[in-house]
Number of protein chains: 2
Amino acid sequence: MKTKQNTLYVGSLAKGLRLLRAFDESHSELSLSELAARTGLDKSATQRLANTLHIEGMLDKDSGTRRFRPSHAWLEMAYAYYWSDPLVGQAMPKLINLSQELAETVNLAEMSGDHIIYVSRLPCKRTYFAATVIGRRLPALSTSAGRVILATYPEEERRAAVDGWPIRVFTPNTTLDRENIRASVENAVHDGYAISQGQMILNEMAVATPIIGPDGRAFAAVQCSVSAHTWTREKIVAEILPKLQDAANAISPSFQSQRALDGR
Amino acid sequence: MKTKQNTLYVGSLAKGLRLLRAFDESHSELSLSELAARTGLDKSATQRLANTLHIEGMLDKDSGTRRFRPSHAWLEMAYAYYWSDPLVGQAMPKLINLSQELAETVNLAEMSGDHIIYVSRLPCKRTYFAATVIGRRLPALSTSAGRVILATYPEEERRAAVDGWPIRVFTPNTTLDRENIRASVENAVHDGYAISQGQMILNEMAVATPIIGPDGRAFAAVQCSVSAHTWTREKIVAEILPKLQDAANAISPSFQSQRALDGR
DNA sequence: TTATCGTGTATTACATAATAATACTTGATG
DNA sequence: CATCAAGTATTATTATGTAATACACGATAA
């Protein structure tokens, strides 16, 4: 363990968290040995830590297969999160109204490092499962929400982000060309909104407007996803964008308090 | 620490989890000393553990106030949970359809010990914030979902549950009389649905139907919340119930796999 | 100003509690 | 029924987490 030679750092706790992080969308249940493999911990450590997490109710254990799964406590953590995030409480009623007016999927995304994370999702139409689940993190550069938030940053930061932030392929249409992305971001600087197409899901279009803090920087965005089969860029700008901007603007002013965060 | 004198139990990890659990709806951000007070740990321990959680990205720290808050990682845990719960994937598209048809708030609740926990929520109308947030745990006996699930249990278990499970006051109308609750549960045994009124929120009515596993026991319920101002029991039974039951029945058959869980 | 408090941060000597190795148990597979 | 992999249990050793304590800082008030 090459972690901090720091007496204020509890290695066992950190290792336990590694077990928790071993679960994701493609690893939804894990055996002891899989856990060991994924965390890089030896069998003994994995055994002790997994046992502790099970006893403490953080991991369910299937008595037949002996495999571990996230417990309901993982949902309770989301519950606690929601009460701690002042944005959500402000935004929720407005998002519900918006989703009713538009009759299309409405999302609330927050900036989280170089990713965005979906904090609230209000699906209106059948859609892919992954598009209905909160807590999904996506590379900011590949999403309309990320780009429109980035567009509120000073030019220097924008440049650095477009050059350095990660990108990943999700569909054959995911933009990998950073110049292309730069153009999209700079458009968003000018327009105050961003539209993306087929970045995450084929034939999906997304439009996003920023929720701007008192310093002029956005830290979140309201986003709407529609099918490219029934919508065009022009129709989105004409019919969705105005309501989306109203909603985002209605949420923004409530934010005097800025949350300055300690670096880790 | 009176916890297990067990070599397979890592106390430091368990203590770290206590810090996480210190956050809830009425404690959304905590200072070091508040954390110490709420967890019962001494200052040193709290300091080390909180620091570790911060370094590992589980707690954000406001650099001004020095207070800790749940980080985005708490939402990511919900994301991982969703992929691990086979019910959610099955139910989601049907719930979306249902919510569109009814134009009323639709919830998916799972049994979790003697509580129910909201796993998915699709708000359609403006409502209280707490009613839009997933991960909320409520005493099963005080909810239509809990009662209708309980109604699928054998008589002996039903009796024990009605006598022993916890109840809490939420509104002046929350039923505290266990005989009253027993009657409600026994009605649900007969009817296959449960309706409650004003249990969690005044002037709110809720109707729930069970999602039944292969053994005949329900482990979840589909629930719909409406305003008592515009709905009556009769109208709910006539207009909402049939669609609710269709949805719940459509979800049930997919469940061959039963998840037997190890006791902690 | 100086004093006192509360709170957050840092350091250290010590022994507890986490560790890694190993042995045991189980059940699946050929 | 022999073999192997995976889960479970036990133990001696010392690394690691611990509690005590000291320091830093800001707020409040005399």
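Bear in mind that the values here come from a model prediction, so they are computed numbers and not experimental data. Chain A is the first sequence line, chain B the second, and so forth, proteins listed ahead of strands; every chain is numbered from 1.
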* Taking the side chain of A:Leu32 as heavy atoms from C-beta outward, which of D:dT8, C:dT7, D:dT18 is closest to it? -> D:dT8
Short heteroatom pairs, N/O only, protein and nucleotides 10-15 of chain C, under 3.5 Å:
from, atom 1, to, atom 2, distance (Å)
C:dA10, N7, B:Gln47, OE1, 2.9
C:dA10, N6, B:Gln47, NE2, 3.4

* Asked: For the residue pair A:Tyr81 and B:His72, does the interplanar ring angle fall in the parallel (under 30°), tilted (30 to 60°) or perpendicular (over 60°) class?
  -> tilted
* To do: Could you tell me whether the side chain of A:Arg158 and the main chain of A:Tyr153 form a donor-acceptor pair under 3.5 Å?
  => yes
* Under the 3.5 angstrom rule, does the side chain of B:Arg121 hit a backbone N or O of B:Ala131 as a donor-acceptor pair? -> yes
* To do: Could you check A:Leu87, A:Ile149, A:Thr152, A:Ile212 and say which one makes a side chain to side chain contact (heavy atoms under 4.5 Å, CB included) with A:Phe219?
  => A:Leu87
* Asked: Toward the 5' end of DNA chain D, which comes first, B:Leu49 or A:Arg67, by nearest nucleotide?
  -> A:Arg67
* Verify the contact: side-chain N or O of B:Arg48 to OP1 or OP2 of D:dT18, cut-off strictly under 4.0 Å; return yes or no. => yes
* To do: Find the distance A:Asp62:CG to D:dG7:P and express it as a whole number of Å.
  => 12 Å
* Roughly how many Å is it from CZ in A:Arg18 to P in C:dA18, rounded to a whole number? -> 17 Å
* **B:Phe68 CZ - C:dT7 P separation (whole Å)** => 15 Å
* Taking NE2 from A:His54 and P from D:dG7, how many angstroms apart are they, rounded to a whole number? -> 14 Å
* Backbone of A:Leu202 reached by a side-chain donor or acceptor of A:Thr171 within 3.5 Å -> no
* Nearest-angstrom distance from the residue atom CG of A:Leu41 to P of C:dA21 -> 13 Å
* Send over the distance from A:Glu29 CD to D:dG7 P, rounded to a whole Å. => 12 Å
* Taking for each residue the nucleotide of DNA chain D with the nearest heavy atom, is it A:Leu13 or A:Ser33 whose nucleotide lies nearer the 5' end? -> A:Ser33
* Asked: Is a side-chain donor or acceptor of A:Thr143 paired with a backbone partner of A:Ala140 at a separation under 3.5 angstrom?
  -> yes
* Whether A:Arg38 side chain and A:Ala22 backbone form a donor-acceptor pair below 3.5 Å -> yes
* Asked: Does D:dC25 have OP1 or OP2 sitting under 4.0 Å from an N or O in the side chain of B:Arg66?
  -> no
* Is the centre of the A:Trp83 ring less than 6.0 Å from the centre of the B:Phe23 ring? -> no
Please enumerate all protein N or O atoms sitting under 3.5 Å from an N or O of nucleotides 26-30 of chain C, with distances to 0.1 Å.
none

* **Under 3.5 Å donor-acceptor, B:Glu34 side chain and B:Ser31 backbone** => yes
* Phosphate oxygens OP1/OP2 of C:dT7: is one of them under 4.0 Å from a side-chain N or O of B:Ser31? -> no
* Asked: Looking at A:Lys15, does any N or O in its side chain come under 4.0 Å of the phosphate oxygens OP1/OP2 on C:dA18?
  -> no
* Please give, in whole Å, the distance from D:dT8 C1' to B:Tyr9 OH? -> 19 Å
* Answer yes or no: does a side-chain N or O of B:Ser12 lie under 4.0 Å from OP1 or OP2 of D:dT16? => no
* Asked: For B:His27 and B:Asp24, does a side-chain donor sit closer than 3.5 Å to a side-chain acceptor?
  -> yes
